[in-house]
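Below: one structure, written as structure tokens.
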Amino acid sequence: MDNFDTPSTSRDAALLPDTGEPGFGVYVHWPFCAAKCPYCDFNSHVRHQPVDQERFTSAFLKEMATVRTMSGPKTVTSIFLGGGTPSLMKPETVSAILDGIARHWHVPDGIEITMEANPSSVEAERFRGYRAAGVNRVSLGVQALNDRDLKFLGRLHDVADALKAIRLARDIFPRMSFDLIYARPDQTVEEWEKELKEAISYAVDHLSLYQLTIEEGTPFYGLHKAGKLIVPDGEQSALLYEATQEITAREGMPAYEVSNHARPGAESRHNLTYWRYGDYAGIGPGAHGRLTRGPEKLATATERKPETWLDMVERDGHGILDEERLGFEEQSDELLLMGLRLREGVDLARWQQLSGRDLDPKREEFLLEHKFIERIGNSRLRCTPSGMLILDSVVADLAC
């Protein structure tokens with residue numbers, strides 16, 4: 001095991017503290033990847049010719065201007081550059097995008113600005129360029145810490161590349177997170193515990209730990225349907241999940257959301273905006289947004305194909321395909337769905353205000369009695385660890 005220096009607790013000093021409010025985030029989607037992973041159903045595309053970054057940058061800025069007219073003046077609390085593989089962007093592209101956000105909305109000093117990166121596309125010079133542009137948090141798609149499983153997952157990097165990227169991120173950015181995928185074929189609890197402890201030794205303050213899911217339309221879906229890819233069953237998945245919660249809590253990185261773990265104060269501000277049901281602007285191909293407009297919340301979704309989106313923006317000023325106006329009932333359902341993912345739970349007064357009703361007492365009593373949910377004082381409701389294992393069912397029960 002490599003020896004990494006213990007991170008300083010002062011690394012977050014420049015970042016604004018979490019206020020507990022939902023906030024307003026800006027999400028920018030860079031849709032291009034060097035290769036498509038066989039498990040991935042995200043809006044990502046491989047192009048064998050160089051992408052015209054200047055043209056795409058102009059389109060991002062143009063769509064921002066349109067979305068600004070829809071959102072009105074806002075103070076940004078977080079920015080997230082996702083994908084795809086945003087670390088394929090030139091630092092100049094990142095700088096132009098961040099400058100554009102600052103022109104359209106108020107961006108205070110010290111907010112969280114995250115960029116996703118793949119270890120295979122990491123270079124020290126680029127990382128320093130992203131940091132100079134304003135990025136202060138990087139999220140690395142490591143996914144596994146053994147070369148066999150990295151190959152199985154279709155990743156272009158090996159463990160050595162991953163550790164190099166982690167070191168660079170720790171040295172250059174104030175905050176760093178990385179992802180791992182578990183519940184892989186034939187993975188035992190003992191193997192996962194060893195890998196997870198190793199990951200925690202490399203982490204600064206945040207880890208995202210996702211169970212492998214088989215998504216329709218992916219190569220893994222076809223293999224799974226043909227019986228050529230066997231993933232852990234429900235019982236084994238539950239054991240792996242429980243081991244994850246136990247180890248991360250013991251090591252000081254407890255779950256603050258179903259799949260996300262952090263040292264206190266290092267939670268992802270941007271993702272908290274989603275889970276606390278705040279507003280966010282979605283910019284770029286396949287991006288989604290939520291914008292409050294009076295009593296309604298506007299759900300937006302843009303064209304997924306990059307070149308089609310680009311043509312739409314250049315012609316119309318935006319690539320938005322869908323605008324759905326969510327009434328109070330739809331908003332209360334989304335609030336419940338998102339908020340119950342969090343360890344802090346749901347603000348019941350806010351849910352009652354949106355839904356116009358109280359929770360069904362019989363359904364609530366049943367879930368309380370079976371220890372799937374619990375009250376936090378009189379103001380909040382959250383899932384227990386047992387409830388997190390059947391989260392969709394709990395949400396469905398409470399939303400009725």
Side-chain angles (χ1 to χ4, degrees), residues 20-25 27 41-42 208-211 213-216 234 237-238 241-242 245 254-261 267-268 270-282 287-301 322-400:
E21 296 298 317
F24 174 72
Y27 175 79
D41 70 336
F42 292 169
S208 296
L209 306 171
Y210 303 105
Q211 289 206 7
T213 55
I214 306 300
E215 303 292 348
E216 191 168 355
S237 293
Y241 177 80
E242 289 164 358
Q245 308 316 303
Y256 67 96
E257 187 270 345
V258 173
S259 302
N260 285 273
H261 304 254
E267 298 84 0
S268 167
H270 189 81
N271 287 335
L272 282 173
T273 292
Y274 297 153
W275 298 319
R276 289 172 174 165
Y277 204 46
D279 278 13
Y280 52 96
H288 291 253
R290 291 289 187 278
L291 301 170
T292 298
R293 303 281 295 273
E296 297 179 323
K297 197 179 277 270
L298 187 67
T300 64
D322 296 313
E323 292 185 24
E324 181 183 0
R325 284 171 166 75
L326 305 177
F328 290 137
E329 185 176 351
E330 292 94 343
Q331 290 180 55
S332 68
D333 286 347
E334 287 195 342
L335 172 65
L336 203 61
L337 177 66
M338 301 303 283
L340 284 177
R341 298 178 64 89
L342 287 170
R343 181 64 179 158
E344 69 184 35
V346 171
D347 181 339
L348 286 173
R350 187 179 175 205
W351 182 83
Q352 288 164 344
Q353 184 179 22
L354 285 171
S355 65
R357 62 186 175 89
D358 293 325
L359 293 171
D360 184 305
K362 290 184 178 179
R363 292 178 184 274
E364 183 184 0
E365 182 58 35
F366 174 83
L367 294 170
L368 286 167
E369 186 179 323
H370 287 79
K371 294 183 169 48
F372 293 132
I373 61 172
E374 60 188 8
R375 288 270 189 159
I376 310 172
N378 294 319
S379 62
R380 304 189 76 85
L381 184 78
R382 69 181 175 193
C383 276
T384 63
S386 297
M388 287 293 189
L389 290 170
I390 56 165
L391 180 60
D392 290 346
S393 297
V394 171
V395 171
D397 266 5
L398 290 173
C400 289

How are the rings of Tyr274 and His270 set relative to one another: parallel (under 30°), tilted (30 to 60°) or perpendicular (over 60°)?
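Rings of Tyr274 and His270: perpendicular, over 60°.
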Pair Arg290-Asp279, salt bridge (Lys or Arg N to Asp or Glu O under 4.0 Å): steps then yes or no
CA-CA 5 Å; Arg290 291 289 187 278; Asp279 278 13; over 6 Å; no
For atom [atom1] of [X], is the number of surrounding heavy atoms from other residues, nucleotides or ligands below 6.0 Å larger than 12?
X      : atom1 : result
Glu215 : CD    : yes
Arg325 : CZ    : no
Phe42  : CZ    : no
Glu329 : CD    : no

On the ring face of Phe328, is Lys297 found with NZ or CZ under 6.0 Å from the centre and within 45° of the axis?
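No, Lys297 does not sit over the ring of Phe328.
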Show the numbers, then the answer: is there a side chain to side chain donor-acceptor pair (under 3.5 Å) between Glu257 and Ser259?
CA-CA 6 Å; Glu257 187 270 345; Ser259 302; 4.6 Å; no
So, for Leu398 and Trp351, which heavy atoms are closest and what is the spacing to 0.1 Å?
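Leu398 and Trp351 have their closest heavy atoms at O-CZ2, 4.4 Å.
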Give me the atom names and distance for the closest heavy-atom approach of Gln331 to Leu354.
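The answer is OE1-CD2, 3.7 Å.
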Do Leu367 and Val394 come within less than 4.5 Å of each other through their side chains, counting heavy atoms only?
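They are in side-chain contact.
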Would you indicate whether the side-chain heavy atoms of Glu344 and Arg380 approach each other to under 4.5 Å?
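Of all side-chain heavy-atom pairs linking Glu344 with Arg380, at least one is under 4.5 Å.
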To the nearest 0.5 angstrom, please state how far the CD atom of Glu365 sits from the CD1 atom of Ile373.
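Glu365 atom CD to Ile373 atom CD1 measures 9.0 Å (nearest 0.5 Å).
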Between the side chain of Thr273 and the main-chain N/O of Pro22, is any donor-acceptor distance below 3.5 Å?
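Yes, Thr273 side chain to Pro22 backbone: donor-acceptor pair under 3.5 Å.
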